[in-house]
K.L.:
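This is the structure, below, for whatever I ask next.
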Amino acid sequence: QVQLVESGGGLVQAGGSLRLSCVASGLPFSSYAMGWFRQAPGKEREFVGGVTWTGANTYYADSVKGRFTISRDNAKNTVYLEMNSLKAEDTAVYYCAAAGGAYYSSNSYYTSTYDYWGQGTQVTVSS
């Protein structure tokens with residue numbers, strides 16, 4: 001069974017920080033690029049950030065560049081999303097996802113790129 005389990009969500013004031021974690025099991029973690037997406041009520045699921053297999057390359061949505069950092073620890077089968085300078089508009093359910101295909105760098109933005117998804121963790125930013 002493939003499982004992706006997010007944690008670290010919660011309530012934080014605007015300007016604050018949170019670190020989300022996603023622990024993967026049941027797949028060769030280092031062979032998968034990993035991404036973070038988020039979805040707010042009434043909105044489409046949107047790309048937040050992605051990281052390639054060894055963590056050498058990262059990708060970010062324009063809305064979070066300079067504020068969020070994605071990283072991974074392959075020894076722990078874990079991908080992280082450090083979120084700083086949080087804004088109310090960052091409020092959403094955050095999902096991690098695993099992508100096992102090629103050409104990740106040009107396709108990280110799309111949900112269809114990913115093979116597996118976690119259940120999500122709620123992040124609420126109060127103003």
K.L.:
Would you please say whether a donor-acceptor pair under 3.5 Å links the side chains of Asn84 and Ser17?
P.N.:
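A donor-acceptor contact under 3.5 Å links the two side chains.
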
K.L.:
Which pairs count as disulfide bond (SG atoms under 2.5 Å apart) when at least one residue sits in residues 29-65, sequence neighbours excluded?
P.N.:
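Passing the test, one end in residues 29-65: no pairs.
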
K.L.:
Would you say the side-chain atoms of Thr121 pair up with the backbone N or O of Gly9, donor to acceptor, closer than 3.5 Å?
P.N.:
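Looks like yes, one N/O pair under 3.5 Å.
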
K.L.:
Would Tyr32 and Val2 show up in the same hydrophobic cluster when neighbours are defined by side-chain heavy atoms closer than 4.5 Å?
P.N.:
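The answer is yes; both residues are in one hydrophobic cluster.
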
K.L.:
State plainly whether one hydrophobic cluster holds both Leu20 and Met34, where clusters connect Ile, Leu, Val, Met, Phe, Trp and Tyr through side-chain heavy atoms under 4.5 angstrom apart.
P.N.:
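Result: yes, single cluster for both.
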
K.L.:
Would Ser30 and Thr54 satisfy side-chain contact (heavy atoms from CB on, under 4.5 Å), going step by step from the backbone distance to the final call?
P.N.:
CA-CA 7 Å; Ser30 62; Thr54 63; over 6 Å; no

K.L.:
Determine the minimum heavy-atom distance between Ser126 and Leu11, stating which atoms define it.
P.N.:
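Ser126 and Leu11 have their closest heavy atoms at CB-CD1, 4.3 Å.
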
K.L.:
Among Leu86, Ile70, Val48, Leu81, find the residue that satisfies the side chain to side chain contact (heavy atoms under 4.5 Å, CB included) test when tested with Val64.
P.N.:
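Among the candidates, only Val48 passes.
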
K.L.:
Would you give the length of the straight line joining atom OG of Ser21 to atom CG of Asp73, rounded to the nearest 0.5 angstrom?
P.N.:
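Ser21 atom OG to Asp73 atom CG measures 10.0 Å (nearest 0.5 Å).
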
K.L.:
What pairs with Arg45 under side chain to side chain donor-acceptor pair (under 3.5 Å), at least two apart in sequence or on another chain?
P.N.:
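For Arg45 the side chain to side chain donor-acceptor pair (under 3.5 Å) partners, ignoring immediate neighbours, are Gln39.
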
K.L.:
Can you give me the closest heavy-atom contact between Ala92 and Arg38, atom names plus distance?
P.N.:
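Closest heavy-atom pair between Ala92 and Arg38: CB-CB, 3.8 Å.
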
K.L.:
When rounded to the nearest 0.5 angstrom, what distance separates OG in Ser108 from OH in Tyr60?
P.N.:
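Result: 11.5 Å between the selected atoms.
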
K.L.:
Using the rule given for side-chain contact (heavy atoms from CB on, under 4.5 Å), can you reason through Tyr59 versus Tyr109, listing the C-alpha separation, both sets of side-chain angles and the distance that settles it, and then say yes or no?
P.N.:
CA-CA 9 Å; Tyr59 311 92; Tyr109 181 87; over 6 Å; no

K.L.:
Between Asp90 and Lys87, does any side-chain N to carboxylate O distance fall below 4.0 Å?
P.N.:
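No salt bridge links Asp90 with Lys87.
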
K.L.:
First locate atom OH of Tyr95, then atom SG of Cys22, and finally report the distance between them rounded to the nearest 0.5 Å.
P.N.:
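Atom-to-atom, Tyr95:OH and Cys22:SG are 13.0 Å apart.
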
K.L.:
Compute whether any side-chain donor of one residue and acceptor of the other, for Tyr114 and Tyr104, lie under 3.5 angstrom apart.
P.N.:
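Yes, a side-chain donor-acceptor pair sits under 3.5 Å.
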
K.L.:
Do Trp117 and Thr111 have side chains that approach each other closer than 4.5 Å (heavy atoms only, starting at C-beta)?
P.N.:
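With C-beta onward as the side chain, the pair touches.
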
K.L.:
For Leu4 and Val23, run side-chain contact (heavy atoms from CB on, under 4.5 Å): C-alpha distance rounded to whole Å, both residues' side-chain angles, the deciding distance at 0.1 Å, then the answer.
P.N.:
CA-CA 6 Å; Leu4 304 177; Val23 179; over 6 Å; no

K.L.:
Consider only side-chain heavy atoms of I, L, V, M, F, W and Y, link residues closer than 4.5 Å, and tell whether Tyr80 and Val123 are in one cluster.
P.N.:
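Cluster IDs for Tyr80 and Val123 differ.
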
K.L.:
Quick check against the 3.5 Å criterion: does Asn74 have a side-chain atom that pairs as donor or acceptor with the backbone of Trp53?
P.N.:
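Present.
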
K.L.:
Within a radius of less than 6.0 Å around CD of Gln122, do more than 12 heavy atoms belonging to other residues, nucleotides or ligands occur?
P.N.:
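Above 12, so yes.
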
K.L.:
Once you round to the nearest 0.5 Å, how far does CG of Leu27 lie from CG of Asp115?
P.N.:
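CG of Asp115 is found 9.0 Å from CG of Leu27.
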
K.L.:
Nearest 0.5 Å, what's the CE-OG1 distance between Met83 and Thr69?
P.N.:
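Spacing of CE (Met83) from OG1 (Thr69) equals 11.0 Å.
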
K.L.:
Given 3.5 Å as the limit, does a donor-acceptor pair link the side chain of Thr52 with the main chain of Asn57, or not?
P.N.:
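Looks like yes, one N/O pair under 3.5 Å.
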
K.L.:
Can you tell me if Glu89 has over 12 outside heavy atoms packed within less than 6.0 Å of its CD?
P.N.:
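Yes.
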
K.L.:
Rounded at 0.5 Å granularity, tell me how far OH in Tyr94 sits from CZ in Phe37.
P.N.:
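These two atoms lie 13.0 Å from each other.
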
K.L.:
Report yes or no: is the cationic atom of Arg72 (NZ for Lys, CZ for Arg) closer than 6.0 Å to the six-membered ring centre of Phe29, at no more than 45° off its axis?
P.N.:
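Judged by the rule (NZ or CZ under 6.0 Å from the ring centre, within 45° of its axis), Arg72 counts as positioned above Phe29.
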
K.L.:
Determine, stepwise, if the pair Ser7 / Arg19 fulfils side-chain contact (heavy atoms from CB on, under 4.5 Å).
P.N.:
CA-CA 9 Å; Ser7 63; Arg19 185 172 78 161; over 6 Å; no

K.L.:
Taking all atoms of both residues into account, what is the closest heavy-atom pair of Glu6 and Cys96, and its distance?
P.N.:
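Minimum heavy-atom contact is OE2-N, 2.9 Å.
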
